[in-house]
S.K.: 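The structure's right below; bear with me while I get my questions together.
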Amino acid sequence: MNRDCILSEGVLEKIMNGATIPYPVLQVLGSKKMVSNNIKDSERLRLLLSDGKYKINVAMFTVPANSQDALELYSVIKLIRYFSNVIRSKDKRDMRVLIILELELIYEGRTVGRTIGDPTTLTDNEFPTSQSSDSSNFAGSSITLYRRKNENGDLFGDTKTISPIASLNPFHNNWIIKARVINKTSIRHWCNSRGEGKLFSCDLVDRSGEIRCTAFKELADKFYECLNVDKVYYISRCLLQPINRQFCNLKHDFEMTTTPETQVEECLDDDLLIPKVNYNFTTLDKVAAMVGGTIVDVIAVCKSVSELQTFTSKSTNRDLKKKEVLLVDQSKTGICLTLWGMNAESFNHSDQPVVSLKNAKICEFRGNKTITPVMGSLLKVNPDIPDAYKLRKWFDLDGNQVEFNNVSAKTTIGNVPWMTFKEAQRYSQDHGDQGFYFQTYATILLIRVDRAVYKSCPTPECQKKVIDLENGMYRCEKCNREYPEFKYRFLVSMNVSDMSGSQWVTLFSAEAEKILAKTAQEIGEAMEHDQESVGKLFDEVQFKQFLFKIRAKMESYNDEQKLRMIVVSTSPITFEDHNAYLIKKIEELRG
DNA sequence: CCCCCCCC
């Protein structure tokens, strides 16, 4: 095969003069592992590359950790992402290099087996080494000369150029950035098979861009107090590594790690030109299409907020607090924001505010997407930014009336579809196995008083029914233990009816307590002494009407398929919503 | 070098 024509002949001269040529094809004529001071780094290569006409020996490439490809002699590669940049070498000489962020192996070296063409070496003199072509990207913004008296003969002692964050890369060592900390995590400990330690990270911005900086172990302690949110710092001598986009959506190809040589110095004359937060918002319709685990920035209106829910995790036995917020935006998409712990408790905004989230995680459960803040996320209510005002205006003008496509349908908030019991029974024939949610406006007809409460295991995380040994002890089969006491719990079976017919439904403690306005303990104790009063209490609830949100699922009992319906929430009916549903139904009937 | 972030 004649491969003489496959290289992008002459392209290196253009690239090394600042041009960006899409996907140049080059040949590897040599490679050498780079060694840098005190940083163990076997994956950085300095490459000798040829375009068939010219060759350069100043191409740098960080081999991705999972790369299977070997860049052996004579390989032919295609550059996917790259740029040329001026760096200062150890001998303080400026030189222009080609930095390759991503490449594709086209032909393995052994199949090519020779040098293509007769390339001549392009030397430094043939391409410019002034910073001008780089700085033009940041139009007179954060490239400033930082002059300072030499106080301690230290790093900032002589005249230095402040580098834009966007220009940082692993091949450029003598940089200083002037950046604002816009977000900082707390110190977190980890322990896994590879070891243990602690860390924190913070996000840094300047006018050119943003980057994450992480400090590990003793450096976490050293720098935690030195770096504070909203403050501006001069930072230098961190290690740059390719970004892991699974956990960081900052717009940068690299992230930084502090080293023992890292210098941090607060900039006391706070530079107002340095922005506060760089958002990169994704609209909710796009969020819905992304895979679980992705980190995104979103801005949306809180259409509704659930009650605080508290429960115990079955897998970890931990007590959890949760609140669900329905987020909507102009893409007519609704998505559930799940808040946990402190975030859930402190979120008390029922006035439909705008919220912005930086670095929130997309979660996926049975195909339904939700969003949740994670370590390193930044949640703001009514942020003072143009996007927030735009959204506010849209929602107040017409967003309120829009019907949203809720992509977190299987949560207790948002658009749970209306169905009558009869419709739900029919729907369950095809969809009952995986379960579904619906809502209906129904009347309580009958509560089974005798079995409304049961004696449960006193261990909070168990809840299993105990056996009364009738000697003052109660046995839990699940815990395989006997206890001197038990705890009453609700398991209420109720017959309710809507316009289509009646249905037996189950209520657990939270909802039963709401309807009966008594705790399971109170009812249980009353049952022991005064069954009549309990009967009366249940009579009072009879014929009361609620909007029932129900989870329906086909379950098998002794080889028999049975449709089980669990009430997940009861609330007073809003006739506005119910009427809108009825009108829609009537219009459907009229065709 | 973390990357867990909880529930159905």
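Here is how names work: the chains are called A, B, and so on, in the same order as the sequence lines, proteins then strands, and each is numbered from 1. Source: prediction; values computed, not measured. Keep in mind that the numbers below use all heavy atoms, side chains included, and drop hydrogens, waters and symmetry copies.
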S.K.: Nearest whole angstrom, please: distance from the P of B:dC6 to the NZ of A:Lys321.
M.R.: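 To the nearest whole Å, that distance equals 17 Å.
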S.K.: Would you kindly give the CD1-to-C1' distance between A:Ile295 and B:dC3, to the nearest whole Å?
M.R.: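 To the nearest whole Å, that distance equals 9 Å.
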S.K.: A:Asp203 and salt bridge (Lys or Arg N to Asp or Glu O under 4.0 Å): which single residue from A:Lys358, A:Arg212, A:Lys251 fits?
M.R.: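 Among the candidates, only A:Arg212 passes.
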S.K.: Rounding to an integer number of Å, can you tell me how far A:Glu555 CD sits from B:dC8 C1'?
M.R.: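 Computing the A:Glu555:CD to B:dC8:C1' distance gives 13 Å.
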S.K.: Between A:Asp319 (CG) and B:dC5 (P), how many Å, whole number?
M.R.: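 Rounding to the nearest Å, CG of A:Asp319 and P of B:dC5 are 18 Å apart.
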S.K.: Mind calculating the distance between CG (A:Leu337) and C1' (B:dC7) to the nearest angstrom?
M.R.: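 Atom-to-atom, A:Leu337 to B:dC7, this comes out as 15 Å.
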S.K.: Which one, B:dC6, B:dC3, B:dC8, comes nearest to the side chain of A:Arg551?
M.R.: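 Nucleotide nearest to A:Arg551's side chain: B:dC8.
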S.K.: Report yes if a side-chain nitrogen or oxygen of A:Trp340 is closer than 4.0 Å to either non-bridging phosphate oxygen (OP1 or OP2) of B:dC6; otherwise report no.
M.R.: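 Yes, within the criterion.
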S.K.: Is there a side-chain contact between A:Lys361 and the phosphate of B:dC5, meaning an N or O under 4.0 Å from OP1 or OP2?
M.R.: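 Yes, because at least one side-chain N or O of A:Lys361 sits under 4.0 Å from OP1 or OP2 of B:dC5.
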S.K.: Under 4.0 Å between a side-chain N or O of A:Asn192 and OP1 or OP2 of B:dC2?
M.R.: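 Answer yes for this pair, as a side-chain N or O of A:Asn192 is under 4.0 Å from OP1 or OP2.
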S.K.: Roughly how many Å is it from NE2 in A:His189 to C1' in B:dC5, rounded to a whole number?
M.R.: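 Rounding to the nearest Å, NE2 of A:His189 and C1' of B:dC5 are 16 Å apart.
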S.K.: Please state whether the phosphate of B:dC2, meaning OP1 or OP2, lies under 4.0 angstrom from any side-chain nitrogen or oxygen of A:Arg194.
M.R.: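 Checking A:Arg194 against B:dC2: at least one side-chain N or O falls below 4.0 Å of OP1 or OP2.
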S.K.: Can you identify which nucleotide, out of B:dC2, B:dC5, B:dC6, has its nearest atom closest to the A:Arg188 side chain?
M.R.: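 For A:Arg188, the side-chain atoms sit closest to B:dC2.
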S.K.: Ring-on-base stacking between A:Trp190 and B:dC4, under 5.5 Å between centres and under 30° between planes: is it there?
M.R.: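 Not stacked: fails the 5.5 Å / 30° test.
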S.K.: We want to know whether A:Thr214 and A:Glu255 form a side-chain donor-acceptor pair, criterion being a heavy-atom distance below 3.5 angstrom.
M.R.: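 The answer is no; no qualifying pair exists.
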S.K.: Starting at atom CG of A:Leu240, determine the distance to atom P of B:dC1, rounded to an integer number of angstrom.
M.R.: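 In whole Å, B:dC1 P lies 13 Å from A:Leu240 CG.
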S.K.: If you only use heavy atoms from C-beta on, which nucleotide in B:dC3, B:dC6, B:dC7 is closest to the side chain of A:Lys322?
M.R.: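 When the side chain of A:Lys322 is considered, B:dC7 is the closest of B:dC3, B:dC6, B:dC7.
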S.K.: Could you check how far CE of A:Met375 sits from C1' of B:dC3, rounded to whole Å?
M.R.: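 After rounding, the gap between these two atoms is 10 Å.
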S.K.: If you measure only the distance, is there a donor-acceptor pair under 3.5 Å linking the side chains of A:Gln545 and A:Tyr441?
M.R.: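 Yes, a side-chain donor-acceptor pair sits under 3.5 Å.
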S.K.: Ion pair present between A:Asp329 and A:Lys303, side-chain N to carboxylate O less than 4.0 angstrom?
M.R.: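 Salt bridge flag = no for A:Lys303 with A:Asp329.
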S.K.: Ignoring hydrogens and angles, answer whether the base of B:dC1 and the side-chain atoms of A:Lys217 contain a donor-acceptor pair closer than 3.5 Å.
M.R.: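 Such a pair is found, so the answer is yes.
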S.K.: When all nucleic acid strands are considered with a 4.0 Å heavy-atom cut-off, which category describes A:Lys198: base, sugar-phosphate, or nothing?
M.R.: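 Here A:Lys198 touches no strand at all.
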S.K.: For the residue pair A:Trp418 and A:Tyr581, does the interplanar ring angle fall in the parallel (under 30°), tilted (30 to 60°) or perpendicular (over 60°) class?
M.R.: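 Plane angle under 30°, so parallel.
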S.K.: Let me spell it out: for each of A:Val374 and A:Glu364, pick the nucleotide of DNA chain B with the closest heavy atom. Which residue's pick is nearer the 5' end?
M.R.: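 Its nucleotide being nearer the 5' end, the pick is A:Val374.
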